[in-house]
Amino acid sequence: MADSTRRFQAPKGTRDFYPEEMAFRRHIESTWRAVSIEHGFDEIEGPAFEHLDLYTVKSGEGIISELFSFTRAGGDVPYALRPEFTPTLARMYASRANSLPVPTKWFAIPTHFRAERPQRGRLREHVQWNIDMIGDPSANADAEVLATCIGVLDRFGLSARDMRVRLSHRDVITLALQNAGVQQPAMQATFELIDRREKMGQEAFQEQAMTIGLEASAIDRIEALARTTADASEDPCTILEAIGVGADAGEPLRQLQACLEAYGLLDWCTWDFSIVRGLAYYTGMVFEVHEATGSERAVAGGGRYDNLIELFGGPPTPACGFGMGDVVLGLVLKDRCGDSQVDSMPGPDAFVICDHDDESMLVQRILASLWKHRLHARRSYKSTRNVGKLLADADRCGARFTVLVSSDEPEGSVVLRDMQSKNQESISIDQLAGCIRSRLSATGD
RNA sequence: GCGAUCGUAGCUCAGUCGGCUAGAGCACCUGGUUGUGGUCCAGGGGGUCGCGGGUUCGAAUCCCGUCGGUCGCCCCA
(Lines give C-alpha, C1' and ligand atoms only; values in the text may rest on other atoms or scores of the structure.)
Protein backbone atom coordinates (compact mmCIF):
# COMPACT_ATOMS: atom_id res chain seq x y z
CA MET A 1 0.00 0.00 0.00
CA ALA A 2 1.26 3.46 -0.84
CA ASP A 3 0.76 4.69 2.69
CA SER A 4 2.51 7.96 3.43
CA THR A 5 3.55 6.69 6.85
CA ARG A 6 4.99 3.45 5.48
CA ARG A 7 8.38 2.52 6.81
CA PHE A 8 10.83 1.09 4.35
CA GLN A 9 13.19 -1.72 5.24
CA ALA A 10 16.28 -2.96 3.50
CA PRO A 11 15.42 -6.04 1.42
CA LYS A 12 15.84 -9.42 3.03
CA GLY A 13 19.43 -10.58 3.19
CA THR A 14 20.97 -7.18 2.40
CA ARG A 15 22.94 -4.92 4.71
CA ASP A 16 23.03 -1.18 5.37
CA PHE A 17 26.53 0.09 5.95
CA TYR A 18 26.58 2.92 8.49
CA PRO A 19 29.93 4.69 8.94
CA GLU A 20 31.43 2.14 11.33
CA GLU A 21 30.39 -0.82 9.20
CA MET A 22 31.52 0.94 6.06
CA ALA A 23 34.92 1.62 7.60
CA PHE A 24 35.23 -2.07 8.40
CA ARG A 25 34.21 -3.01 4.87
CA ARG A 26 36.74 -0.60 3.42
CA HIS A 27 39.39 -2.04 5.70
CA ILE A 28 38.69 -5.49 4.24
CA GLU A 29 38.52 -4.26 0.66
CA SER A 30 41.63 -2.13 0.84
CA THR A 31 43.58 -5.04 2.31
CA TRP A 32 42.40 -7.30 -0.50
CA ARG A 33 43.35 -4.65 -3.05
CA ALA A 34 46.77 -3.88 -1.60
CA VAL A 35 47.82 -7.53 -1.33
CA SER A 36 46.51 -8.33 -4.81
CA ILE A 37 48.55 -5.53 -6.36
CA GLU A 38 51.65 -6.46 -4.39
CA HIS A 39 51.36 -9.98 -5.79
CA GLY A 40 51.15 -8.67 -9.33
CA PHE A 41 47.43 -8.81 -10.05
CA ASP A 42 45.57 -6.07 -11.95
CA GLU A 43 42.10 -4.96 -10.93
CA ILE A 44 39.13 -5.42 -13.23
CA GLU A 45 35.38 -4.99 -12.89
CA GLY A 46 32.39 -5.99 -14.96
CA PRO A 47 28.66 -5.30 -15.00
CA ALA A 48 26.58 -6.09 -11.93
CA PHE A 49 24.11 -7.89 -14.18
CA GLU A 50 24.63 -10.07 -17.22
CA HIS A 51 22.53 -11.96 -19.75
CA LEU A 52 20.89 -14.84 -17.94
CA ASP A 53 22.35 -17.23 -20.53
CA LEU A 54 25.84 -16.54 -19.26
CA TYR A 55 25.00 -18.31 -16.03
CA THR A 56 22.97 -21.19 -17.45
CA VAL A 57 25.76 -22.12 -19.90
CA LYS A 58 27.92 -23.36 -17.07
CA SER A 59 25.48 -24.36 -14.39
CA GLY A 60 22.37 -25.44 -16.26
CA GLU A 61 18.79 -24.26 -15.92
CA GLY A 62 18.68 -25.37 -12.29
CA ILE A 63 20.67 -22.31 -11.29
CA ILE A 64 17.82 -19.96 -12.22
CA SER A 65 15.92 -20.49 -8.98
CA GLU A 66 18.91 -19.18 -7.05
CA LEU A 67 19.34 -16.06 -9.18
CA PHE A 68 17.71 -12.67 -9.14
CA SER A 69 16.63 -12.56 -12.77
CA PHE A 70 14.50 -10.02 -14.60
CA THR A 71 13.60 -8.49 -17.90
CA ARG A 72 13.53 -4.84 -18.79
CA ALA A 73 10.04 -3.36 -18.69
CA GLY A 74 8.70 -3.95 -22.18
CA GLY A 75 11.73 -6.03 -23.15
CA ASP A 76 12.10 -9.75 -23.49
CA VAL A 77 15.82 -10.35 -22.96
CA PRO A 78 16.35 -12.11 -19.61
CA TYR A 79 19.07 -10.75 -17.34
CA ALA A 80 20.35 -11.79 -13.92
CA LEU A 81 22.21 -10.03 -11.15
CA ARG A 82 25.60 -11.70 -11.05
CA PRO A 83 25.77 -14.57 -8.58
CA GLU A 84 29.50 -15.07 -9.16
CA PHE A 85 32.25 -13.37 -11.09
CA THR A 86 33.85 -16.25 -12.98
CA PRO A 87 31.52 -16.14 -16.03
CA THR A 88 32.16 -12.41 -16.44
CA LEU A 89 35.87 -13.00 -16.07
CA ALA A 90 35.81 -15.78 -18.65
CA ARG A 91 33.77 -13.64 -21.03
CA MET A 92 36.14 -10.68 -20.65
CA TYR A 93 39.17 -12.88 -21.10
CA ALA A 94 37.74 -14.74 -24.09
CA SER A 95 36.96 -11.58 -26.03
CA ARG A 96 40.54 -10.30 -25.81
CA ALA A 97 42.41 -13.55 -25.35
CA ASN A 98 44.73 -12.94 -28.30
CA SER A 99 46.10 -9.68 -27.01
CA LEU A 100 46.46 -10.51 -23.32
CA PRO A 101 49.78 -11.44 -21.74
CA VAL A 102 50.58 -14.95 -20.54
CA PRO A 103 49.88 -15.36 -17.76
CA THR A 104 47.13 -12.81 -17.20
CA LYS A 105 46.70 -12.05 -13.50
CA TRP A 106 43.46 -10.33 -12.60
CA PHE A 107 41.54 -9.57 -9.46
CA ALA A 108 38.14 -8.04 -8.76
CA ILE A 109 36.14 -6.97 -5.71
CA PRO A 110 32.56 -7.09 -6.97
CA THR A 111 29.23 -7.44 -5.20
CA HIS A 112 27.32 -10.65 -5.84
CA PHE A 113 23.68 -11.62 -5.42
CA ARG A 114 21.83 -14.84 -4.73
CA ALA A 115 18.15 -15.37 -4.15
CA GLU A 116 18.29 -18.03 -1.44
CA ARG A 117 17.27 -17.57 2.19
CA PRO A 118 19.98 -15.86 4.22
CA GLN A 119 21.80 -17.70 7.00
CA ARG A 120 24.99 -17.34 9.00
CA GLY A 121 27.81 -16.41 6.64
CA ARG A 122 25.54 -16.34 3.57
CA LEU A 123 23.56 -13.26 2.58
CA ARG A 124 21.69 -12.25 -0.55
CA GLU A 125 24.19 -9.51 -1.32
CA HIS A 126 27.85 -9.81 -0.48
CA VAL A 127 31.25 -8.67 -1.63
CA GLN A 128 33.63 -11.30 -2.90
CA TRP A 129 37.27 -10.87 -3.74
CA ASN A 130 38.24 -12.87 -6.83
CA ILE A 131 41.77 -13.76 -7.84
CA ASP A 132 42.51 -15.45 -11.17
CA MET A 133 45.70 -16.46 -12.92
CA ILE A 134 44.94 -17.31 -16.52
CA GLY A 135 47.13 -19.05 -19.09
CA ASP A 136 49.59 -20.78 -16.77
CA PRO A 137 49.11 -24.53 -16.19
CA SER A 138 51.99 -24.89 -13.74
CA ALA A 139 51.99 -25.80 -10.09
CA ASN A 140 53.70 -22.47 -9.57
CA ALA A 141 50.53 -20.69 -10.67
CA ASP A 142 48.53 -22.71 -8.15
CA ALA A 143 51.02 -21.77 -5.47
CA GLU A 144 51.07 -18.07 -6.44
CA VAL A 145 47.33 -17.92 -6.10
CA LEU A 146 47.59 -19.60 -2.71
CA ALA A 147 50.37 -17.23 -1.72
CA THR A 148 48.09 -14.29 -2.45
CA CYS A 149 45.28 -15.81 -0.43
CA ILE A 150 47.53 -16.55 2.52
CA GLY A 151 49.16 -13.14 2.12
CA VAL A 152 45.81 -11.57 2.83
CA LEU A 153 45.20 -13.72 5.89
CA ASP A 154 48.60 -12.74 7.20
CA ARG A 155 47.95 -9.06 6.51
CA PHE A 156 44.78 -9.27 8.57
CA GLY A 157 46.86 -10.53 11.48
CA LEU A 158 45.68 -14.12 11.20
CA SER A 159 48.22 -16.89 11.62
CA ALA A 160 48.65 -20.51 10.62
CA ARG A 161 47.23 -21.35 14.02
CA ASP A 162 44.04 -19.39 13.32
CA MET A 163 43.37 -20.65 9.81
CA ARG A 164 43.73 -23.86 7.84
CA VAL A 165 44.25 -24.10 4.10
CA ARG A 166 42.92 -27.51 3.10
CA LEU A 167 44.45 -28.75 -0.15
CA SER A 168 43.25 -31.43 -2.46
CA HIS A 169 43.48 -32.43 -6.10
CA ARG A 170 40.72 -33.51 -8.44
CA ASP A 171 42.91 -35.80 -10.54
CA VAL A 172 44.16 -37.65 -7.51
CA ILE A 173 40.69 -38.09 -6.08
CA THR A 174 39.37 -39.23 -9.44
CA LEU A 175 42.06 -41.91 -9.57
CA ALA A 176 41.35 -42.99 -6.02
CA LEU A 177 37.65 -43.26 -6.77
CA GLN A 178 38.30 -45.21 -9.95
CA ASN A 179 40.50 -47.61 -8.02
CA ALA A 180 37.72 -47.91 -5.47
CA GLY A 181 35.38 -49.03 -8.24
CA VAL A 182 33.44 -45.84 -8.89
CA GLN A 183 32.29 -45.75 -12.52
CA GLN A 184 32.75 -42.61 -14.60
CA PRO A 185 29.02 -41.73 -14.83
CA ALA A 186 28.80 -41.60 -11.04
CA MET A 187 31.98 -39.54 -10.60
CA GLN A 188 30.47 -36.04 -10.37
CA ALA A 189 27.71 -37.23 -8.04
CA THR A 190 30.35 -38.81 -5.85
CA PHE A 191 32.29 -35.54 -5.72
CA GLU A 192 29.17 -33.74 -4.60
CA LEU A 193 28.52 -36.39 -1.98
CA ILE A 194 32.04 -36.05 -0.56
CA ASP A 195 31.62 -32.27 -0.60
CA ARG A 196 28.58 -32.56 1.67
CA ARG A 197 29.93 -35.33 3.84
CA GLU A 198 30.87 -33.21 6.84
CA LYS A 199 27.33 -32.08 7.50
CA MET A 200 25.70 -35.46 6.94
CA GLY A 201 25.21 -38.26 9.41
CA GLN A 202 26.78 -41.65 8.87
CA GLU A 203 23.46 -43.19 7.82
CA ALA A 204 22.54 -40.41 5.46
CA PHE A 205 25.91 -40.71 3.80
CA GLN A 206 25.57 -44.46 3.36
CA GLU A 207 22.04 -44.09 2.08
CA GLN A 208 22.88 -41.46 -0.52
CA ALA A 209 25.96 -43.39 -1.58
CA MET A 210 23.71 -46.36 -2.30
CA THR A 211 21.36 -44.10 -4.27
CA ILE A 212 24.21 -43.09 -6.54
CA GLY A 213 24.87 -46.77 -7.07
CA LEU A 214 28.12 -47.17 -5.17
CA GLU A 215 28.98 -50.58 -3.78
CA ALA A 216 29.60 -51.20 -0.11
CA SER A 217 33.33 -51.72 -0.58
CA ALA A 218 33.58 -48.48 -2.53
CA ILE A 219 31.72 -46.60 0.18
CA ASP A 220 34.18 -47.75 2.81
CA ARG A 221 37.11 -46.62 0.72
CA ILE A 222 35.49 -43.27 0.01
CA GLU A 223 35.02 -42.72 3.71
CA ALA A 224 38.65 -43.57 4.32
CA LEU A 225 39.64 -41.19 1.52
CA ALA A 226 37.58 -38.35 2.96
CA ARG A 227 39.12 -38.84 6.38
CA THR A 228 42.67 -38.69 5.07
CA THR A 229 44.55 -35.59 6.13
CA ALA A 230 48.25 -34.90 6.56
CA ASP A 231 50.54 -31.93 7.03
CA ALA A 232 51.39 -30.38 3.69
CA SER A 233 55.06 -30.98 4.46
CA GLU A 234 54.56 -34.76 4.43
CA ASP A 235 55.62 -36.80 1.43
CA PRO A 236 52.63 -37.06 -0.93
CA CYS A 237 53.56 -40.67 -1.78
CA THR A 238 52.72 -41.82 1.72
CA ILE A 239 49.31 -40.20 1.52
CA LEU A 240 48.59 -41.69 -1.88
CA GLU A 241 49.30 -45.15 -0.54
CA ALA A 242 46.78 -44.56 2.20
CA ILE A 243 44.06 -43.76 -0.32
CA GLY A 244 44.91 -46.56 -2.71
CA VAL A 245 46.62 -44.65 -5.48
CA GLY A 246 49.97 -45.45 -7.04
CA ALA A 247 52.85 -43.16 -6.11
CA ASP A 248 53.39 -42.13 -9.74
CA ALA A 249 50.11 -40.21 -9.62
CA GLY A 250 51.57 -37.97 -6.98
CA GLU A 251 53.71 -35.85 -9.29
CA PRO A 252 51.27 -32.90 -9.28
CA LEU A 253 51.23 -32.98 -5.50
CA ARG A 254 55.01 -33.06 -5.30
CA GLN A 255 55.31 -30.09 -7.64
CA LEU A 256 52.78 -28.13 -5.67
CA GLN A 257 54.50 -29.03 -2.44
CA ALA A 258 57.85 -27.84 -3.77
CA CYS A 259 56.39 -24.48 -4.77
CA LEU A 260 54.55 -24.05 -1.48
CA GLU A 261 57.78 -24.76 0.34
CA ALA A 262 59.59 -22.12 -1.71
CA TYR A 263 56.91 -19.55 -0.93
CA GLY A 264 57.05 -20.51 2.75
CA LEU A 265 53.42 -21.59 2.92
CA LEU A 266 53.59 -25.19 4.12
CA ASP A 267 52.75 -24.26 7.71
CA TRP A 268 49.36 -23.00 6.63
CA CYS A 269 48.43 -25.99 4.52
CA THR A 270 47.07 -29.49 5.05
CA TRP A 271 46.44 -32.26 2.52
CA ASP A 272 42.77 -32.99 2.95
CA PHE A 273 40.97 -35.20 0.44
CA SER A 274 37.55 -34.49 1.84
CA ILE A 275 37.84 -31.22 -0.07
CA VAL A 276 36.58 -31.69 -3.60
CA ARG A 277 34.44 -28.58 -4.25
CA GLY A 278 31.01 -29.43 -5.58
CA LEU A 279 31.38 -27.54 -8.83
CA ALA A 280 31.82 -29.60 -11.93
CA TYR A 281 34.39 -27.34 -13.56
CA TYR A 282 37.39 -27.87 -11.31
CA THR A 283 40.11 -29.91 -12.97
CA GLY A 284 43.18 -30.00 -10.74
CA MET A 285 44.21 -28.54 -7.40
CA VAL A 286 41.25 -27.49 -5.25
CA PHE A 287 41.30 -25.85 -1.82
CA GLU A 288 39.25 -24.27 0.91
CA VAL A 289 40.29 -21.99 3.75
CA HIS A 290 38.60 -22.52 7.09
CA GLU A 291 38.84 -21.03 10.52
CA ALA A 292 40.95 -23.45 12.59
CA THR A 293 38.11 -24.62 14.81
CA GLY A 294 35.93 -25.28 11.78
CA SER A 295 33.01 -23.43 13.32
CA GLU A 296 32.33 -21.20 10.34
CA ARG A 297 31.72 -21.77 6.68
CA ALA A 298 34.71 -21.65 4.34
CA VAL A 299 36.38 -18.23 4.25
CA ALA A 300 37.68 -18.87 0.75
CA GLY A 301 37.57 -21.60 -1.87
CA GLY A 302 38.88 -22.23 -5.34
CA GLY A 303 41.18 -24.24 -7.51
CA ARG A 304 42.16 -24.99 -11.08
CA TYR A 305 39.63 -24.90 -13.91
CA ASP A 306 41.44 -25.58 -17.15
CA ASN A 307 38.35 -25.99 -19.35
CA LEU A 308 36.31 -23.00 -18.33
CA ILE A 309 37.63 -20.25 -20.61
CA GLU A 310 36.98 -22.54 -23.57
CA LEU A 311 33.44 -23.14 -22.37
CA PHE A 312 32.81 -19.41 -22.58
CA GLY A 313 34.06 -19.14 -26.13
CA GLY A 314 37.74 -18.47 -25.59
CA PRO A 315 40.71 -20.52 -26.76
CA PRO A 316 41.67 -23.54 -24.64
CA THR A 317 43.29 -21.85 -21.66
CA PRO A 318 44.41 -23.19 -18.31
CA ALA A 319 43.45 -21.08 -15.30
CA CYS A 320 43.14 -21.16 -11.55
CA GLY A 321 41.73 -18.86 -8.93
CA PHE A 322 39.56 -18.49 -5.88
CA GLY A 323 36.96 -16.33 -4.18
CA MET A 324 36.89 -14.91 -0.66
CA GLY A 325 33.68 -13.38 0.63
CA ASP A 326 33.39 -10.52 3.06
CA VAL A 327 30.73 -12.12 5.27
CA VAL A 328 32.52 -15.13 6.73
CA LEU A 329 35.82 -13.26 6.73
CA GLY A 330 34.19 -10.47 8.73
CA LEU A 331 32.86 -12.95 11.27
CA VAL A 332 36.29 -14.51 11.67
CA LEU A 333 38.08 -11.17 11.98
CA LYS A 334 35.65 -9.92 14.61
CA ASP A 335 35.99 -13.16 16.51
CA ARG A 336 39.76 -13.51 16.41
CA CYS A 337 41.17 -10.03 16.09
CA GLY A 338 38.91 -7.97 18.29
CA ASP A 339 38.22 -4.29 17.91
CA SER A 340 41.60 -3.29 16.53
CA GLN A 341 40.39 -4.11 13.01
CA VAL A 342 36.76 -3.24 13.50
CA ASP A 343 37.35 0.35 14.64
CA SER A 344 38.97 1.80 11.60
CA MET A 345 37.16 5.11 11.26
CA PRO A 346 39.59 7.72 9.99
CA GLY A 347 40.30 10.43 12.58
CA PRO A 348 40.91 13.99 11.40
CA ASP A 349 44.36 15.55 11.32
CA ALA A 350 42.93 18.73 12.74
CA PHE A 351 39.72 19.62 14.60
CA VAL A 352 38.72 23.26 14.80
CA ILE A 353 36.90 24.65 17.83
CA CYS A 354 36.04 28.17 18.93
CA ASP A 355 35.50 29.50 22.45
CA HIS A 356 33.38 32.53 21.55
CA ASP A 357 30.85 33.76 19.03
CA ASP A 358 32.83 33.84 15.82
CA GLU A 359 31.44 36.66 13.72
CA SER A 360 34.41 36.94 11.38
CA MET A 361 34.00 33.47 9.81
CA LEU A 362 37.46 32.64 11.09
CA VAL A 363 36.59 28.98 11.60
CA GLN A 364 35.49 28.75 7.98
CA ARG A 365 38.64 30.47 6.74
CA ILE A 366 40.84 28.10 8.76
CA LEU A 367 38.96 25.03 7.51
CA ALA A 368 39.31 26.23 3.92
CA SER A 369 43.02 26.64 4.37
CA LEU A 370 43.47 23.20 5.92
CA TRP A 371 41.37 21.54 3.21
CA LYS A 372 43.37 23.36 0.54
CA HIS A 373 46.49 21.81 2.04
CA ARG A 374 44.87 18.36 1.77
CA LEU A 375 44.54 17.90 5.48
CA HIS A 376 41.67 15.95 6.96
CA ALA A 377 39.98 18.76 8.89
CA ARG A 378 36.71 18.84 10.79
CA ARG A 379 35.09 21.28 13.19
CA SER A 380 32.75 21.17 16.12
CA TYR A 381 29.16 22.03 15.35
CA LYS A 382 28.23 22.39 19.00
CA SER A 383 27.00 25.77 20.15
CA THR A 384 28.68 25.61 23.56
CA ARG A 385 31.70 27.81 24.33
CA ASN A 386 32.83 25.42 27.02
CA VAL A 387 36.33 24.43 25.92
CA GLY A 388 36.21 21.22 27.93
CA LYS A 389 33.18 20.03 26.02
CA LEU A 390 34.69 21.12 22.71
CA LEU A 391 37.88 19.21 23.43
CA ALA A 392 35.80 16.19 24.34
CA ASP A 393 34.18 16.55 20.93
CA ALA A 394 37.61 16.57 19.31
CA ASP A 395 38.68 13.57 21.34
CA ARG A 396 35.59 11.59 20.47
CA CYS A 397 36.31 11.68 16.76
CA GLY A 398 39.98 10.82 17.24
CA ALA A 399 41.52 14.14 16.18
CA ARG A 400 45.32 14.32 16.08
CA PHE A 401 45.47 18.10 16.61
CA THR A 402 42.92 20.60 17.83
CA VAL A 403 42.93 24.18 16.57
CA LEU A 404 41.41 26.51 19.17
CA VAL A 405 40.16 29.86 17.94
CA SER A 406 40.30 31.82 21.17
CA SER A 407 39.30 35.32 22.13
CA ASP A 408 42.38 35.32 24.37
CA GLU A 409 44.66 35.03 21.36
CA PRO A 410 46.09 38.01 19.50
CA GLU A 411 44.62 38.82 16.09
CA GLY A 412 45.77 36.33 13.43
CA SER A 413 46.86 33.52 15.70
CA VAL A 414 45.25 30.44 17.21
CA VAL A 415 46.13 27.74 19.73
CA LEU A 416 47.37 24.43 18.30
CA ARG A 417 46.98 21.55 20.72
CA ASP A 418 48.64 18.15 20.22
CA MET A 419 46.01 15.70 21.42
CA GLN A 420 48.55 13.01 22.27
CA SER A 421 51.12 15.01 24.22
CA LYS A 422 48.57 17.64 25.34
CA ASN A 423 51.15 20.32 24.55
CA GLN A 424 49.75 23.46 23.06
CA GLU A 425 51.15 26.66 21.67
CA SER A 426 50.14 29.84 20.00
CA ILE A 427 50.67 29.84 16.26
CA SER A 428 50.05 32.20 13.37
CA ILE A 429 47.15 31.22 11.12
CA ASP A 430 49.38 31.65 8.08
CA GLN A 431 51.70 28.92 9.33
CA LEU A 432 49.01 26.61 10.71
CA ALA A 433 48.58 24.16 7.81
CA GLY A 434 52.30 23.87 7.15
CA CYS A 435 53.01 23.31 10.80
CA ILE A 436 50.40 20.54 11.11
CA ARG A 437 51.63 18.93 7.92
CA SER A 438 55.26 18.84 9.05
CA ARG A 439 54.37 17.47 12.48
CA LEU A 440 52.25 14.73 10.93
CA SER A 441 55.13 13.61 8.73
CA ALA A 442 57.55 13.88 11.66
CA THR A 443 55.52 11.38 13.64
CA GLY A 444 54.78 9.23 10.64
CA ASP A 445 51.02 9.76 10.74
C1' G B 1 11.13 -23.39 -1.73
C1' C B 2 10.87 -25.84 3.61
C1' G B 3 11.48 -25.86 9.20
C1' A B 4 12.51 -23.67 14.15
C1' U B 5 12.77 -19.21 16.88
C1' C B 6 12.45 -14.03 17.79
C1' G B 7 10.36 -8.75 16.77
C1' U B 8 8.88 -2.72 22.64
C1' A B 9 13.28 4.27 21.40
C1' G B 10 19.26 4.64 17.16
C1' C B 11 21.42 0.32 20.58
C1' U B 12 20.77 -3.28 24.96
C1' C B 13 16.48 -4.52 27.32
C1' A B 14 12.24 -4.07 31.28
C1' G B 15 6.92 -4.09 31.26
C1' U B 16 2.80 -8.93 29.39
C1' C B 17 -2.22 -14.50 34.07
C1' G B 18 -5.58 -8.20 29.04
C1' G B 19 -6.56 -2.44 32.66
C1' C B 20 -3.86 4.79 34.55
C1' U B 21 -0.67 9.15 29.83
C1' A B 22 4.55 2.58 27.69
C1' G B 23 9.73 2.74 31.02
C1' A B 24 15.34 2.34 32.17
C1' G B 25 20.50 2.49 30.78
C1' C B 26 23.61 3.90 26.77
C1' A B 27 23.63 7.24 22.55
C1' C B 28 21.94 12.14 20.68
C1' C B 29 20.66 17.59 21.72
C1' U B 30 20.51 21.87 25.27
C1' G B 31 21.89 24.47 29.65
C1' G B 32 25.02 24.59 34.19
C1' U B 33 28.14 32.57 31.61
C1' U B 34 35.11 32.34 31.00
C1' G B 35 35.64 26.63 30.90
C1' U B 36 41.31 22.63 28.53
C1' G B 37 39.85 15.56 27.06
C1' G B 38 34.49 10.33 27.17
C1' U B 39 33.37 12.87 34.75
C1' C B 40 29.19 15.38 37.38
C1' C B 41 24.16 18.05 37.78
C1' A B 42 19.62 19.57 35.38
C1' G B 43 16.55 19.53 31.20
C1' G B 44 15.04 17.90 26.17
C1' G B 45 13.92 15.33 21.48
C1' G B 46 12.87 10.41 19.96
C1' G B 47 8.32 4.67 20.06
C1' U B 48 0.78 4.11 16.35
C1' C B 49 5.16 -1.84 21.20
C1' G B 50 7.36 -4.60 12.98
C1' C B 51 2.72 -4.26 9.94
C1' G B 52 -2.52 -5.79 8.99
C1' G B 53 -6.83 -8.12 10.64
C1' G B 54 -9.63 -10.66 14.65
C1' U B 55 -11.45 -11.51 19.94
C1' U B 56 -12.74 -7.85 23.93
C1' C B 57 -15.82 -2.55 27.37
C1' G B 58 -10.42 -2.35 26.88
C1' A B 59 -4.65 -5.45 23.32
C1' A B 60 2.50 -4.13 23.63
C1' U B 61 0.09 -8.48 26.20
C1' C B 62 -4.58 -13.47 23.46
C1' C B 63 -5.64 -15.54 18.09
C1' C B 64 -4.71 -15.48 12.64
C1' G B 65 -2.03 -13.56 8.64
C1' U B 66 2.06 -10.90 6.76
C1' C B 67 6.95 -8.54 6.64
C1' G B 68 11.68 -8.73 8.74
C1' G B 69 15.96 -10.75 11.98
C1' U B 70 18.53 -15.20 13.64
C1' C B 71 19.69 -20.46 13.11
C1' G B 72 19.17 -24.73 10.15
C1' C B 73 17.50 -27.73 5.44
C1' C B 74 17.97 -27.45 -0.07
C1' C B 75 22.09 -25.29 -2.72
C1' C B 76 26.84 -23.36 -2.56
C1' A B 77 29.60 -19.75 -7.26
Side-chain angles (χ1 to χ4, degrees), chain A residues 1 3 5-16 18-20 50 54-56 58-60 62-67 80-90 110-124 126 128-130 132 191-192 195-196 198-201 204 208 276-282 286 288 295-298 300-303 305 308 321-325 327-328 331 351 353-357 380-399 401-402 404 406-408 415-424:
Chain A
M1 295 295 274
D3 183 339
T5 62
R6 173 176 171 182
R7 291 219 251 171
F8 290 100
Q9 296 176 303
K12 181 201 292 272
T14 64
R15 293 167 290 175
D16 291 329
Y18 289 89
E20 290 77 14
E50 292 270 10
L54 188 71
Y55 301 118
T56 55
K58 191 187 78 179
S59 311
I63 194 81
I64 293 177
S65 67
E66 287 157 31
L67 298 177
L81 295 180
R82 67 179 161 207
E84 58 169 325
F85 191 68
T86 307
T88 299
L89 173 103
T111 49
H112 298 90
F113 307 87
R114 47 189 164 215
E116 65 198 6
R117 286 285 285 275
Q119 54 191 300
R120 185 173 179 86
R122 261 174 101 73
L123 301 176
R124 285 187 166 180
H126 67 119
Q128 185 175 288
W129 173 46
N130 285 263
D132 291 280
F191 281 155
E192 290 168 13
D195 192 40
R196 282 176 300 170
E198 283 184 357
K199 58 202 301 186
M200 301 172 71
Q208 294 203 20
V276 296
R277 307 292 291 162
L279 288 165
Y281 61 72
Y282 287 112
V286 290
E288 288 182 5
S295 61
E296 300 285 356
R297 290 168 178 279
Y305 43 92
L308 202 60
F322 69 89
M324 181 186 289
V327 181
V328 178
L331 291 169
F351 191 84
I353 61 178
C354 179
D355 70 355
H356 59 283
D357 289 330
S380 178
Y381 295 95
K382 292 187 186 304
S383 60
T384 183
R385 271 131 274 151
N386 184 317
V387 176
K389 289 187 177 181
L390 293 169
L391 281 171
D393 205 21
D395 189 47
R396 195 165 23 244
C397 70
F401 292 95
T402 295
L404 170 59
S406 173
S407 52
D408 297 338
V415 176
L416 181 63
R417 180 180 178 87
D418 182 322
M419 297 297 280
Q420 287 170 9
S421 67
K422 301 186 182 181
N423 294 331
Q424 57 186 50

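Both backbone and side-chain heavy atoms feed into the values below; hydrogens, waters and symmetry mates do not. We name chains A, B, ... by the order of the sequence lines, and we start the count at 1 in each one.
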How far, in whole Å, is [M] from [N] if one measures between their [atom1] atoms?
| N | M | atom1 | value |
| --- | --- | --- | --- |
| B/G50 | B/G45 | C1' | 23 Å |
| B/C64 | B/G23 | C1' | 30 Å |
| B/C6 | B/C74 | C1' | 23 Å |
| B/G38 | B/A27 | C1' | 12 Å |
| B/C20 | B/C28 | P | 33 Å |
| B/G65 | B/C29 | P | 44 Å |
| B/U48 | B/U21 | C1' | 14 Å |
| B/A59 | B/G37 | C1' | 49 Å |

All salt bridge (Lys or Arg N to Asp or Glu O under 4.0 Å) counterparts of A/Arg117, not counting sequence neighbours:
none
So for A/Lys389 and B/G38, does any side-chain atom that can act as donor or acceptor lie under 3.5 Å from a complementary atom in the base?
no
Residues A/Glu84 and A/Arg114 bridged, charged N to O under 4.0 Å:
no
Nucleotide by nucleotide, 5' to 3', does protein get under 4.0 Å of the base (B), only the sugar-phosphate (S), or neither (-) in nucleotides 66-72 of chain B, counting heavy atoms?
-SSS-SS
Between [N] ([atom2]) and [X] ([atom1]): distance, integer Å:
| X | N | atom1 | atom2 | value |
| --- | --- | --- | --- | --- |
| A/Leu404 | B/U34 | CG | C1' | 12 Å |
| A/Asp195 | B/C76 | CG | P | 7 Å |
| A/Ile353 | B/G35 | CD1 | P | 15 Å |
| A/Met419 | B/G37 | CE | P | 9 Å |
| A/Tyr282 | B/C76 | OH | C1' | 10 Å |

With rounding to the nearest 0.5 Å, note down the distance linking [atom1] in [X] to [atom2] in [Y].
| X | Y | atom1 | atom2 | answer |
| --- | --- | --- | --- | --- |
| A/Arg297 | A/Arg120 | CZ | CZ | 10.0 Å |
| A/Leu67 | A/Arg82 | CG | CZ | 13.5 Å |
| A/Glu116 | A/Leu123 | CD | CG | 9.5 Å |
| A/Thr88 | A/Tyr55 | OG1 | OH | 4.0 Å |

What is the nucleic acid contact for A/Gly323, judged by heavy atoms within less than 4.0 Å: base, sugar-phosphate only, or nothing?
nothing
When all nucleic acid strands are considered with a 4.0 Å heavy-atom cut-off, which category describes A/Asp357: base, sugar-phosphate, or nothing?
nothing
Do the side-chain N and O atoms of A/Asn386 and A/Thr384 include a donor-acceptor pair separated by under 3.5 angstrom?
no
Please, what dot-bracket string fits RNA chain B when only Watson-Crick and G-U pairs with both distances under 3.5 Å count, crossing ones use [ ] and pairs to another strand use |?
(((((((..((((.....[...)))).(((((.......))))).....(((((..]....))))))))))))....
Between the side chain of A/Arg417 and the main-chain N/O of A/Phe401, is any donor-acceptor distance below 3.5 Å?
no
For the side chain of A/Asp355 and the backbone of A/Ser407, is there at least one donor-acceptor N/O pair under 3.5 Å apart?
yes
Parallel, tilted or perpendicular for A/Phe85 and A/His112, by the 30°/60° rule?
perpendicular
N/O donor-acceptor pairs under 3.5 Å from side chains in residues 388-399 of chain A, not counting sequence neighbours:
| from | atom 1 | to | atom 2 | distance (Å) |
| --- | --- | --- | --- | --- |
| A/Asp393 | OD1 | A/Arg396 | NH2 | 3.3 |
| A/Asp393 | OD2 | A/Ser380 | OG | 2.8 |

Of A/Asn386 and A/Leu67, whose nearest nucleotide on RNA chain B comes first from the 5' end?
A/Asn386
Could you work out which one of B/G35, B/G31, B/G38 sits closest to the side chain of A/Asp395?
B/G38
Going by the rule side-chain contact (heavy atoms from CB on, under 4.5 Å), which residues pair with A/Ser295 if we only count those two or more places apart in sequence or in a different chain?
A/Glu291, A/Thr293
At a cut-off of 3.5 Å, list every protein nitrogen or oxygen paired with a nitrogen or oxygen from nucleotides 25-29 of chain B, distance to 0.1 Å.
| from | atom 1 | to | atom 2 | distance (Å) |
| --- | --- | --- | --- | --- |
| B/C29 | OP1 | A/Lys382 | NZ | 3.1 |
| B/C29 | OP2 | A/Lys382 | NZ | 3.2 |

